[in-house]
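Everything below concerns the one structure shown next.
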Amino acid sequence: MTKTLVQAGQFRGVTSQPLRNVLIYAPTIIWVNRGYKKLWWQDDPRHYTQEDWLVVPASHYLTFVNEPSQTTFYSRTLTFLEPPPSEWLEDLSSRAASASASNAVNNEPRVSVTPQLAYCFDTLYEMAEKNLAADTQRQFLHGFYAELKAAGSLHLLFPSKEGALKEQLASYLSLNPGDAHSIDTVATHFSMSPATLKRKLASEETSFRQVLTNIRMVYALSLMQKSRTQLNIALACGYQSEVRFASRFKDVFGVTPKQYVQTL
């Protein structure tokens, strides 16, 4: 199976969609094409429309409301599973630190959409469905990163050089969220013992189960866009019990699966 470097997604709604604690497990760009997204960032509401991107680094939890306008709400997402070249990351780390020290407001996760950036986004979005070879994907992806770097905004997507273990774990689990992942098997993949994996995740204030649950819930949101039944979604997300799945969904997002589906 071809390695995926970029995941594309889309989200729709006909009524307001309030969601809390939505995990952005890997660097992600969200482009609202219809309606607007009301995001709480550092306790202040921010609005995103088709004029700008919401640019979010890995391991962030978002609380927002998707608001339709005239017809429906519609947004597209790109999630990046491979970083830019290492020499770029060194420069980005210093730039992010400088921006944070000079003015925290400038680090708002927003990028104004230019025709060049829009073209690159659309190209990557279409690429995600083409099953291209990994090297081919990488060339397109680096072109996108280069354009974002030229716009002075790549550091918003990659604020640090080294990704935390929880970010690496989330990216790995997101490839097959519904599989029966065990900590023993996953620890082997990361070349460490289960005890070491638990300890390192605890130092990052999370756990294997918490990361897996959040990945599965985000996956459930994308499946619901395809109008699948709750039982099928629960099974696809690795839950044998529909009740257990619904309980986890509400615990994470603050709404039930039925309430969310009604907004679609």
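FYI, side chains are in, hydrogens and waters are out, and symmetry mates aren't considered; it's all heavy atoms of this structure. Keep in mind the model is a prediction, meaning the values are calculated, not measured.
To the nearest 0.5 Å, the span separating CG on Leu78 from OG1 on Thr28 amounts to 8.5 Å. Atom CG of Leu148 sits about 7.5 Å away from atom CG of Leu156, to the nearest 0.5 Å. Annotation: the span from Asn66 atom CG to Leu19 atom CG amounts to 7.0 Å, rounded to 0.5 Å. Taking OG from Ser207 and CD1 from Ile183, the interatomic distance works out to 8.5 Å, rounded to the nearest 0.5 Å. Expressed to the nearest 0.5 Å, how far CG of Asn33 lies from OH of Tyr74 amounts to 6.0 Å. With rounding to the nearest 0.5 angstrom, the CZ atom of Phe245 is 6.0 Å from the CD atom of Gln230.
Scanning all heavy atoms of the two residues, the minimum distance from Pro177 to Ile215 falls at CB-CG2, 4.1 Å. What you find for Leu173 and Leu212 is that their closest heavy atoms are CD1-CA, 3.9 Å. Considering all non-hydrogen atoms of both residues, Cys237 and Tyr219 come closest at SG-CD2, 3.8 Å. When all heavy atoms of Pro68 and Ser16 are compared, the pair lying nearest together is CD-N, 3.9 Å. Closest heavy-atom contact between Ala220 and Ile233: CB-CG2, 4.0 Å. Nearest heavy-atom pair across Leu5 and Ala134 is CD1-O, 3.6 Å.
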(Q) Using the rule given for side-chain contact (heavy atoms from CB on, under 4.5 Å), can you reason through Ile29 versus Leu54, listing the C-alpha separation, both sets of side-chain angles and the distance that settles it, and then say yes or no? (A) CA-CA 6 Å; Ile29 291 177; Leu54 171 55; over 6 Å; no

**Q.** Test salt bridge (Lys or Arg N to Asp or Glu O under 4.0 Å) applied to Glu67 and Lys38, step by step
**A.** CA-CA 7 Å; Glu67 294 284 4; Lys38 182 179 181 181; over 6 Å; no

Q: Decide salt bridge (Lys or Arg N to Asp or Glu O under 4.0 Å) for Arg76 and Asp122; before the verdict, give the C-alpha distance in whole Å, the side-chain angles of both, and the deciding distance to 0.1 Å.
A: CA-CA 10 Å; Arg76 293 181 293 160; Asp122 290 337; 3.0 Å; yes

Q | Chi angles and distances behind the ring pair (Phe, Tyr, Trp, His ring centres under 6.0 Å) call for Phe73, Phe11 | A | CA-CA 8 Å; Phe73 173 88; Phe11 295 88; 8.6 Å; no

Q. Which is it for Leu201 and Lys166 under the side-chain contact (heavy atoms from CB on, under 4.5 Å) test, yes or no, and what are the steps along the way?
A. CA-CA 6 Å; Leu201 290 174; Lys166 62 184 177 183; 4.1 Å; yes

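Using a 4.5 Å heavy-atom threshold, the side chains of Val55 and Arg110 count as separate. The shortest side-chain heavy-atom distance between Val6 and Thr79 does not fall under the 4.5 Å cut-off. Proximity of Asn214 to Gln210: side-chain heavy atoms (C-beta onward) are separated by under 4.5 Å at one or more points. In this structure, Lys200 and Leu165 have side chains that are in contact, with non-hydrogen atoms separated by less than 4.5 Å. Residues Tyr260 and Phe249 have side chains in contact (heavy-atom distance under 4.5 Å, counting atoms from C-beta outward). Residues Val14 and Leu264 have side chains not in contact (no heavy-atom distance under 4.5 Å, counting atoms from C-beta outward). Residues Phe144 and Thr123 form no side-chain contact, since every pair of their non-hydrogen atoms from C-beta on lies 4.5 Å or further apart. For the pair Leu154 and Pro84, the minimum side-chain heavy-atom distance is below 4.5 Å.
Checking side-chain atoms of Glu147 against main-chain N and O of Tyr119 turns up no donor-acceptor pair under 3.5 Å. With hydrogens and angles ignored, the 3.5 Å screen pairs a side-chain donor or acceptor of Ser171 with a backbone N or O of Glu167. Put simply, the side chain of His181 never gets that close to the backbone of Gly238: no donor and acceptor are under 3.5 Å apart. Judged by distance alone, the side chain of Asp52 and the main-chain N or O of Thr49 form a donor-acceptor pair under 3.5 Å.
Defined by atom type and a distance below 3.5 Å, a donor-acceptor pair is missing between the side-chain atoms of Ser69 and Arg34. In the model, Thr15 has no side-chain atom that pairs as donor or acceptor with a side-chain atom of Thr263 under 3.5 Å. Of the N and O atoms on the side chains of Ser193 and Thr196, at least one donor lies less than 3.5 Å from an acceptor on the other residue. No hydrogens or angles considered: nothing links the side chains of Thr185 and Thr188 as a donor-acceptor pair under 3.5 Å.
Residues Val22 and Ile30 share a single hydrophobic cluster, defined by chaining ILVMFWY side chains whose heavy atoms lie under 4.5 Å apart. Under a hydrophobic-cluster definition in which Ile, Leu, Val, Met, Phe, Trp and Tyr are linked whenever side-chain heavy atoms come within less than 4.5 Å, directly or via other members, Leu81 and Val211 are assigned to the same cluster. Tracing side-chain contacts under 4.5 Å through hydrophobic residues (I, L, V, M, F, W, Y), one reaches Val255 starting from Met217; they form part of the same cluster.
Taking the ring axis of Tyr239 as reference, the NZ or CZ atom of Arg216 stays within 45° of it and closer than 6.0 Å to the ring centre. Taking the centre and axis of the six-membered ring of Phe64, the NZ or CZ atom of Lys37 falls inside the cone set by 45° and 6.0 Å. The cationic atom of Arg20 (NZ for Lys, CZ for Arg) does not lie both less than 6.0 Å from the six-membered ring centre of Phe253 and within 45° of the ring axis.
Two rings, from Phe80 and Tyr145, have their centers less than 6.0 Å apart. Taking the six-membered ring wherever Trp is involved, the centroid distance between the rings of His155 and Trp88 does not fall below 6.0 Å. The ring of Phe121 has its center closer than 6.0 angstrom to the ring center of Trp53.
Counting non-hydrogen atoms of other residues, nucleotides and ligands closer than 6.0 Å to CZ of Phe140 gives a total of 12 or fewer. Around atom CZ of Phe190, more than 12 heavy atoms belonging to other residues, nucleotides or ligands sit under 6.0 Å away.
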